[in-house]
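Naming convention: chains lettered A, B, ... in sequence-line order (proteins, then strands); numbering from 1 in each chain. Side-chain atoms are counted along with the backbone in the values below, which use heavy atoms only and exclude waters and symmetry mates. These figures come from a predicted structure and were not determined experimentally.
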Amino acid sequence: MKRLSYTIRSTPVQINIVETVDDLSRFYLFVRDNRQLLGWDTETTGLDWWSDDFRVRLVQFGTADESWVLPVELDSHFTDAAVWALGFASQLVAHNGTFDMHAMEAACGLPMEAVAPKSLDTKLLAHLVDPRALKEGGSGLRLEELTAYYLCTRTAAEVKGSASQIARRLKVSRAEMWKAVDLTDDEYLLYAGCDPVLAYRLCARLLPQVPPRSRRAGLISWEHRLAHITAKIERTGYLLDVDYALEQIAALASEQRGWQAIAAEHGVENVASTRQVAQALIERGIKIPGRTKTGLPKVDDALLASYPDDPLCQAVIRAKRAGKWRTTWFENAVLNRDSNDRVHASINSCQARTARMTITGAVAAQTFPASSSFVRHEFLADEGDVSVSIDYGNMELRVLAAYSQDPVMLDAFRDGKDLHQITADAAGVPRKVGKMANFLTVFGGGPKALAQQAGISLELARATLAAFNETYRGVGRLADRLTREAKRSGYIYTATGRRLPVDKHRAYSALNYFIQSSSRDITARALIELDKAGFTPHVRLPIHDELVFSFPRERAGELAEQAARIMEITIRGVLIPAEPEIGDRSWGSILDLADSKH
DNA sequence: GCACGTGGCACC
DNA sequence: AAACGGTGCCACGTGC
């Protein structure tokens with residue numbers, strides 16, 4: 001057995017590295033003595049737990065002052081010991097433990113169902129305490145950031161720096177390092193041994209700081225339950241139509257080359273270089289009025305599109321678009337698929353400042369073009385299944401109606417009246433402008449933004465928003481209440497007991513945070529209720545106000561109807577309706593079938 | 001050579 | 001009176 005020593009904020013930590021099977025007896029004793037709560041972590045060959053060549057290299061367990069490192073890659077007895085410890089512990093804590101559960105399941109055969117119900121995650125706890133990123137004035141949510149904020153800045157810097165340092169020493173990139181580093185490398189073992197100790201200590205610091213209101217509302221277990229559900233959705237993955245994706249990649253690549261060639265004829269080698277494009281435009285006598293925040297000429301789609309007859313402007317727009325669509329939505333999926341042609345999204349169940357979920361990695365589902373179905377066509381329901389989408393109608397405005405109890409809004413939603421038209425009529429503007437005013441209110445926007453967006457005068461924008469306030473008095477009262485609360489305490493609370501920090505110099509954003517976060521919690525609740533009813537194996541993705549499913553073809557209508565009824569909820573008398581749309585095999589077919597009906 | 005900030009753009 | 005909220009990814013270009 002090897003021993004390493006480290007000190008975190010003047011508290012010594014002993015790191016024990018198991019080297020032989022005989023060393024395990026001491027490890028068993030350690031686990032038995034500390035089974036009531038154990039920190040844990042894994043080191044792996046990479047982040048792609050779905051790949052065939054993915055391996056877990058180390059599994060680490062720790063308390064506040066002691067940790068054990070098992071090099072499971074070297075001996076199956078070590079793997080067995082790690083699996084035993086995870087089963088034997090009464091409670092576990094990890095930072096972003098979802099990843100470690102995927103890793104242990106994929107590489108060591110331990111089902112995440114065996115670990116998730118007794119797990120605490122310091123990332124979730126940290127979010128309940130303060131959801132803000134570092135640059136927003138918060139603690140951040142990454143382990144190094146939280147270590148620096150709550151425990152010890154020196155440790156944070158050393159732990160963060162060590163991965164880069166090892167990579168430099170081995171002369172490989174950081175990503176390669178995780179595979180390449182030797183399992184006896186002391187710097188690596190020290191880094192690995194610290195992580196479960198940090199998770200353990202962070203847990204002790206964070207738990208008492210979770211706001212009492214959040215705790216009373218049951219948010220801690222609620223968020224952990226949700227994280228487990230989204231982990232199961234990640235595990236299932238989404239079946240990729242590889243042939244279709246490859247066709248699109250080829251078509252977009254050829255389109256991109258064509259437009260790039262035209263741009264090159266006009267002196268632009270890199271269409272994505274705004275500097276090059278700006279220079280070429282100026283040489284062509286085109287004035288660039290806008291400036292970016294660093295004072296450079298602003299070359300964006302709006303400028304380029306305003307010269308529809310200029311061949312360079314058109315070539316730049318089209319070449320950029322083809323390139324971006326090819327890499328982001330098709331190559332990303334194709335290159336990250338598993339051996340069964342499934343792609344696994346990375347779902348951060350509680351991520352944004354408002355706790356909105358984010359989806360990153362191979363399936364950037366939250367940004368798929370809404371205007372056309374051709375990206376969604378690459379995702380298929382399972383063999384024998386069809387794609388179903390169930391989305392909430394007008395979610396954010398209904399949430400606003402519910403919590404403001406504004407009589408005009410309540411009345412409009414109850415009787416199916418057109419809310420955008422009501423706003424428009426009150427202000428004497430077209431419906432489109434009324435709709436913009438409605439949404440801008442949810443976003444916290446003012447007259448300048450409305451004027452710009454709607455292309456109307458500042459005067460008219462002011463009058464429109466004034467008419468909005470006259471019409472929906474309740475909205476103003478809710479906004480005032482939240483703004484006052486934010487200015488007084490720096491926080492607002494949602495109905496689910498979540499505490500959201502609001503910058504005092506931007507107190508107007510309190511209403512938006514409230515609506516956005518409340519809406520997110522409605523979708524989160526739906527996932528939890530659907531899970532109870534056994535629907536999770538059918539869920540493919542959550543996208544803000546929409547859930548995508550794969551249902552057996554012959555029962556799709558019935559199951560979709562059941563799921564929609566589970567999703568629907570009435571809040572303070574306002575129904576948030578959920579409407580199923582049934583497609584054919586591909587996700588994209590849903591939109592096509594809906595279009596063909598009209 | 002890699003990390004990081006910036007600008008642009010896809011979405012709710 | 002005025003205030004546009006929340007994301008992630010890609011390419012480029014710079015700085016270490």
Q.
Is there a side-chain contact between A:R506 and the phosphate of C:dG6, meaning an N or O under 4.0 Å from OP1 or OP2?
A. yes
Q. Got a second to check how far A:S389's OG is from A:E546's CD, nearest 0.5 Å?
A. 3.5 Å
Q | Contact under 4.0 Å: A:T294 side-chain N or O vs B:dG7 OP1/OP2 | A | yes
Q: Measure the distance from CD on A:E546 to C1' on B:dC12 and round it to the nearest whole Å.
A: 10 Å
Q) Hey, is A:F443 stacking on C:dG5? Ring centres under 5.5 Å, planes under 30°. A) yes
Q: Counting heavy atoms from C-beta on, name the nucleotide in C:dG13, B:dA10, C:dG8 closest to the side chain of A:N270.
A: C:dG13
Q) Looking at C:dA3, B:dA10, C:dC4, which one has an atom nearest to any side-chain atom of A:P447? A) C:dA3
Q: Could you tell me whether A:G290 contacts a base, only the sugar-phosphate backbone, or nothing, with contacts defined as non-hydrogen atoms closer than 4.0 Å?
A: nothing
Q: Using the P atoms only, state how far C:dC4 lies from B:dC11, rounded to an integer number of Å.
A: 22 Å
Q. Is any side-chain nitrogen or oxygen of A:R321 closer than 4.0 Å to OP1 or OP2 of B:dC9?
A. no
(Q) Just the rounded figure in Å: distance from P of C:dG8 to CZ of A:R353. (A) 14 Å
Q) When you measure from the side chain of A:A449, which nucleotide among C:dG6, C:dC4, B:dA10 comes out closest? A) C:dC4
**Q.** A:K298 vs B:dG7: side-chain N/O to OP1/OP2 distance below 4.0 Å
**A.** no
**Q.** DNA chain C: 5'-proximal contact among A:Y513 and A:K448 (nearest heavy atom)
**A.** A:K448
Q: Measure the distance from CG on A:L400 to P on B:dC12 and round it to the nearest whole Å.
A: 19 Å
Q) With sugar-phosphate meaning primed atoms plus P, OP1 and OP2, does A:V442 contact a base, only sugar-phosphate, or nothing at under 4.0 Å between heavy atoms? A) nothing
(Q) Donor-acceptor pair, distance only, cut-off 3.5 Å: does the side chain of A:D406 make one with the backbone of A:R473? (A) yes
Q.
Closest approach to the side chain of A:A272, judged atom by atom: which nucleotide of C:dC12, B:dC2, B:dC9 is it?
A. C:dC12
Q. Expressed in angstrom and rounded to an integer, what is the separation of A:K135 atom NZ from C:dG8 atom P?
A. 9 Å
Q: Check the distance between B:dA3's P and A:M177's CE and give it to me in whole angstrom.
A: 11 Å
Q) So, do A:W259 and A:K320 sit near enough that their side-chain heavy atoms are less than 4.5 Å apart? A) no
Q) Can you tell me how far P of C:dG6 sits from NE2 of A:H127, to the nearest Å? A) 12 Å
Q | Nearest to side-chain heavy atoms of A:N512, which nucleotide of B:dC11, B:dG7, C:dG5 | A | C:dG5
Q) So, is A:Y508 near the phosphate of C:dG5, with a side-chain N or O under 4.0 Å from OP1 or OP2? A) yes
Q: Quick one: label A:F439 by what it contacts on the DNA or RNA (base, sugar-phosphate, nothing), any heavy atom closer than 4.0 Å.
A: nothing
Q: May I ask you to verify if any side-chain N or O of A:K320 is less than 4.0 angstrom from the OP1 or OP2 atom of C:dA11?
A: no
Q: Answer with base, sugar-phosphate or nothing: what part of the nucleic acid does A:R356 contact at a heavy-atom distance below 4.0 Å?
A: base
Q: For A:A364, answer base if it contacts any base atom (sugar-phosphate contacts may also be present), sugar-phosphate if it contacts only those atoms, and nothing otherwise; contact means non-hydrogen atoms under 4.0 Å.
A: nothing
Q. Got a second to check how far A:K487's NZ is from A:L482's CG, nearest 0.5 Å?
A. 12.0 Å
Q.
I want to check one thing: is the phosphate of C:dG13, taken as OP1 and OP2, less than 4.0 Å away from some side-chain N or O of A:S273?
A. yes
Q.
In this structure, how many angstroms lie between the P atom of B:dA10 and the CZ atom of A:R326, rounded?
A. 16 Å
Q.
Under 4.0 Å, heavy atoms only, any strand: does A:S173 hit a base, just the sugar-phosphate, or nothing?
A. sugar-phosphate
Q: Would you mind classifying the nucleic acid contact of A:R462 as base, sugar-phosphate or nothing, using non-hydrogen atoms under 4.0 angstrom?
A: sugar-phosphate
Q. Given A:R356 and A:E396, is the salt bridge (charged side-chain N to carboxylate O under 4.0 Å, His left out) satisfied, shown in steps?
A. CA-CA 13 Å; A:R356 258 196 182 180; A:E396 295 197 328; 3.6 Å; yes
Q: Would you mind reading off the distance between A:L465 atom CG and C:dA3 atom P, rounded to a whole angstrom?
A: 10 Å
Q. Are OP1 or OP2 of B:dA10 and a side-chain N or O of A:W325 less than 4.0 angstrom apart?
A. yes
Q.
It should be established whether A:S509 places a side-chain nitrogen or oxygen under 4.0 Å from OP1 or OP2 of nucleotide C:dG5.
A. no
Q: Map A:Q516 and A:L458 onto DNA chain C by nearest heavy atom, then report which one ends up closer to the 5' terminus.
A: A:L458
(Q) Please tell me if A:R275 has a side-chain N or O lying less than 4.0 Å from either OP1 or OP2 of C:dT14. (A) yes
Q: Please indicate whether A:R142 has more than 12 foreign heavy atoms, meaning atoms of other residues, nucleotides or ligands, lying under 6.0 Å from its CZ.
A: no
Q: Remember a base hit wins even if backbone is also touched, and classify A:Q453 as base, sugar-phosphate or nothing at under 4.0 Å, heavy atoms.
A: base
Q: May I ask you to check if A:R376 and A:F368 form a cation-pi contact, with NZ or CZ under 6.0 angstrom from the six-membered ring centre and within 45° of the axis?
A: no
Q: Step by step, work out the salt bridge (charged side-chain N to carboxylate O under 4.0 Å, His left out) result for A:E223 and A:R520.
A: CA-CA 12 Å; A:E223 289 299 342; A:R520 176 273 188 193; 2.9 Å; yes
Q.
OP1 or OP2 of C:dC9 versus the side-chain N and O atoms of A:T328: is any pair under 4.0 Å?
A. no
